[in-house]
Each structure stands twice: as C-alpha cells, then as structure tokens.
Chemist: 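Here it is, the structure, as structure tokens.
Being a predicted model, the structure only gives us computed values, none of them experimental.
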Amino acid sequence: MSDQNPFGAPPAQPYGPPPAQPYGAAPQQYGAVPPQGGPVPAGYAYGYPQPVPPAKSRRTLWIVLGCVAGALLLGGGTLGWFLWDLASRTGTHKVVLPQSFQGVERDDDNPTARTLQSGLADVYSSGSNAWKPTAVAGVYPDQEHGTGVIVAGGYGKVVMPESELRKFLEGFESSGKAQGTTFGPRRTFDPGPLGGYLTCETMKAPEETDSVCVWADNSSVVMVLSGGPDVEPDLDRAAAATRELRAAAEVAK
C-alpha cells in the first residue's frame with residue numbers, strides 16, 4: 001500500500017470538523033503533513049494534534065486516488081484514445097456534473113475533487129493525440145452517513161468506447177492490486193437509454209469495500225465510485241445509481 005498521495009499532500013481541511021473524519025478525509029498515515037513539513041508525528045493529522053482513531057474506522061480514499069492515478073497514467077493515460085472524428089456519432093454529448101445527486105450537494109471545494117480535476121487535466125493535456133479530452137471530476141460527500149460518491153473521467157470523441165472501458169478498468173485494477181487492493185468479478189449492466197456500455201465491480205481495500213462502475217460511449221468514459229466503511233456493496237444498486245447520475249450529467253452539446 002502506498003504511503004504517499006499520488007497528487008501531493010492533501011489540503012489543510014477535509015470535508016468537515018477534524019474529529020468527525022467524514023467521507024473523503026485522508027487518514028494521517030496516507031500523507032498528512034504537519035504545519036512545518038517533514039515527517040508526521042504520531043497523533044497528528046493535517047497539522048493539528050488529534051487522537052488516532054481505531055484502524056477499522058480509517059478511510060481508504062487515498063488508496064482510491066492511487067488507483068485512479070495509476071489507471072490514468074498507465075501507458076500515458078488509459079483514456080488516451082479520444083481520437084479524430086471517424087463517425088458523426090462521436091462527441092455528440094458532454095458531461096456536466098449536477099449540483100446535487102441523491103440529496104447530497106457536490107463539494108466543489110473538496111480537496112479530492114480539486115486534485116482529481118487537475119490530475120486528469122494534466123494527463124489529458126500531456127497526451128500526443130490531436131484531440132484533448134475534457135476532464136470531469138466531482139465528489140458528493142454525505143457527511144451524515146459517512147458515505148460518498150466520487151466521479152472521475154472525461155468526455156470527447158471516443159472512437160472505441162468498449163475498448164476504452166476495458167483498458168480503464170485494467171489500469172485501475174493493476175494500480176490497485178499493487179497497493180494491496182483486490183477486485184471482485186466484473187459485471188455488465190444495462191447502460192440505460194443513452195446506450196454504450198456499463199460495467200461494475202467491487203473494490204476491497206483494507207478497511208472497506210466500495211462499488212466501482214464505469215460507463216463508456218462515443219462521447220465519454222466516466223467512473224463512479226461509491227461506498228463507505230460501514231456499507232455493504234450492492235452492484236445492482238450501484239449500477240442503477242450510475243445510470244441515474246449519467247442521465248443527469250451527460251447532455252447533448
């Protein structure tokens with residue numbers, strides 16, 4: 001398991017008050033840095049002292065981010081096949097994440113959202129393709145229930161969506177397994193009225209198991225990760241939630 005945030009040290013404040021450790025707050029051992037920099041003393045998180053909670057309550061978000069980073073950077077970016085327009089059906093939609101999803105507000109100031117957005121943009125802009133995909137990322141943290149939804153991906157002219165979905169998951173799994181994360185069997189689901197492809201699987205990190213779904217079509221390849229430390233994954237429900245989010249987010253240009 002990596003002990004370093006792939007996008008740098010987390011910002012000073014996670015989602016809520018420090019003791020609550022809401023969804024998306026990074027554990028101390030995954031890159032928290034005291035104000036003066038340098039090694040993290042025991043009992044510190046994000047620059048202020050606090051009790052170290054039991055291991056079972058630790059969030060695994062930075063493991064997730066490591067998987068995302070590995071998936072995107074594998075071979076110059078697994079979404080690097082946004083190519084020239086070979087058919088009129090490519091690039092007809094864009095992805096605009098809704099302000100709220102299932103009653104939870106999108107947190108635009110969330111450090112996870114910011115690092116994902118900037119990381120995706122950097123990966124896409126560094127590619128050699130003439131067409132640069134547009135990065136999208138967002139976090140919907142449900143602090144009341146300790147759960148949340150992370151969205152990351154891009155939209156553009158996707159010539160081979162099924163292949164892109166498969167390569168995204170292969171890169172995601174490869175990076176995750178290197179950090180001690182395991183994945184359940186992939187399952188395909190009805191993608192809904194927008195068509196394309198939808199695949200989901202479980203991702204088991206040391207302290208929790210989350211649901212991972214990826215949709216792909218000729219305009220977008222987007223991952224939706226959901227769960228929490230006390231939530232039992234349900235892929236049927238995760239697929240339904242992904243279709244719901246996609247219906248709200250993927251709009252015609």
Chemist: Taking side chain as C-beta onward, heavy atoms only, is R114 less than 4.5 Å from D109?
Modeler: yes
Chemist: Write out all pairs satisfying disulfide bond (SG atoms under 2.5 Å apart) with one or both partners inside residues 223-253, taking only residues at least two apart or from two chains.
Modeler: none
Chemist: Any non-hydrogen side-chain atom of V151 less than 4.5 Å from a side-chain atom of V139?
Modeler: no
Chemist: Donor-acceptor pair, K94 side chain versus V251 backbone, under 3.5 Å?
Modeler: no
Chemist: For R187, enumerate each residue passing the salt bridge (Lys or Arg N to Asp or Glu O under 4.0 Å) test, keeping only those at least two apart in sequence or located in another chain.
Modeler: D236
Chemist: Give me each pair satisfying disulfide bond (SG atoms under 2.5 Å apart) with a member in residues 146-226, each pair once, sequence neighbours excluded.
Modeler: C200-C213
Chemist: Could you work out, with side-chain contact (heavy atoms from CB on, under 4.5 Å) as the rule, every residue matching R243, not counting sequence neighbours?
Modeler: F189, D190, L198, A239, A240
Chemist: Verify side-chain contact (heavy atoms from CB on, under 4.5 Å) between V214 and F172, making sure each step is shown before the conclusion.
Modeler: CA-CA 11 Å; V214 179; F172 188 89; over 6 Å; no
Chemist: Where the side chain of T115 meets the backbone of P111, is there a donor-acceptor pair that is under 3.5 Å apart?
Modeler: yes
Chemist: Is any side-chain heavy atom of T92 less than 4.5 Å from a side-chain heavy atom of N218?
Modeler: no
Chemist: Measuring from atom CZ of R166 to atom OG1 of T199, what distance do you get when rounded to the nearest 0.5 angstrom?
Modeler: 11.0 Å
Chemist: Between K204 and T181, is the side-chain contact (heavy atoms from CB on, under 4.5 Å) condition met? List the steps.
Modeler: CA-CA 6 Å; K204 184 175 179 57; T181 303; 5.7 Å; no
Chemist: Determine yes or no for a side-chain-to-main-chain donor-acceptor pair under 3.5 angstrom, with S175 supplying the side chain and G171 the backbone.
Modeler: no
Chemist: Less than 4.5 Å apart, side chain to side chain, heavy atoms only: is that true for L97 and Y140?
Modeler: yes
Chemist: Quick one: are M203 and L225 in side-chain contact, heavy atoms under 4.5 Å?
Modeler: yes
Chemist: What residues, two or more places apart in sequence or in another chain, satisfy salt bridge (Lys or Arg N to Asp or Glu O under 4.0 Å) together with R106?
Modeler: D108
Chemist: Looking only at heavy atoms, which two atoms of V149 and S226 are closest? And how far apart?
Modeler: CG2-CB, 3.9 Å
Chemist: Considering only residues two or more places apart or on different chains, which pairs with a residue in residues 144-153 satisfy salt bridge (charged side-chain N to carboxylate O under 4.0 Å, His left out)?
Modeler: none
Chemist: Assess whether a salt bridge exists between E170 and K167, defined as any Lys/Arg side-chain N lying under 4.0 Å from an Asp/Glu carboxylate O.
Modeler: no
Chemist: Do T202 and L235 have side chains that approach each other closer than 4.5 Å (heavy atoms only, starting at C-beta)?
Modeler: yes
Chemist: Tell me, which pairs form a salt bridge (charged side-chain N to carboxylate O under 4.0 Å, His left out) where one or both residues lie in residues 211-221, sequence neighbours left out?
Modeler: D217-R246
Chemist: I'd like to check the side chain to side chain donor-acceptor pair (under 3.5 Å) partners of R186; sequence neighbours left out, ordered by chain and number.
Modeler: E173
Chemist: What I'd like to find out is whether the side chain of S219 reaches to under 4.5 Å of the side chain of K157, using heavy atoms alone.
Modeler: no
Chemist: Considering only heavy atoms from C-beta outward, does the side chain of V158 approach that of V221 to under 4.5 Å?
Modeler: yes
Chemist: Mind checking who shares a hydrophobic cluster with V231, ILVMFWY linked at side-chain heavy-atom distances under 4.5 Å?
Modeler: none
Chemist: Is there a path of hydrophobic side-chain contacts, each under 4.5 Å between heavy atoms of I/L/V/M/F/W/Y residues, joining F183 to I150?
Modeler: yes
Chemist: What's the separation between atom CE in M160 and atom CG in L165, rounded to the nearest 0.5 Å?
Modeler: 13.0 Å
Chemist: Suppose we screen for side chain to side chain donor-acceptor pair (under 3.5 Å). Which residues come up paired with Q102, at least two apart in sequence or across chains?
Modeler: E244
Chemist: Looking at Y155, is its backbone amide N or carbonyl O close enough to the side chain of S220 to form a donor-acceptor pair, meaning the two atoms are under 3.5 Å apart?
Modeler: no
Chemist: Using every non-hydrogen atom in the two residues, find where G196 and P191 come nearest and quote the distance to one decimal.
Modeler: O-CG, 3.4 Å
Chemist: Any disulfide bond (SG atoms under 2.5 Å apart) pairs touching residues 220-253, not counting sequence neighbours?
Modeler: none
Chemist: How would you list, by chain and number, every residue that makes a side-chain contact (heavy atoms from CB on, under 4.5 Å) with E162, sequence neighbours excluded?
Modeler: Y197
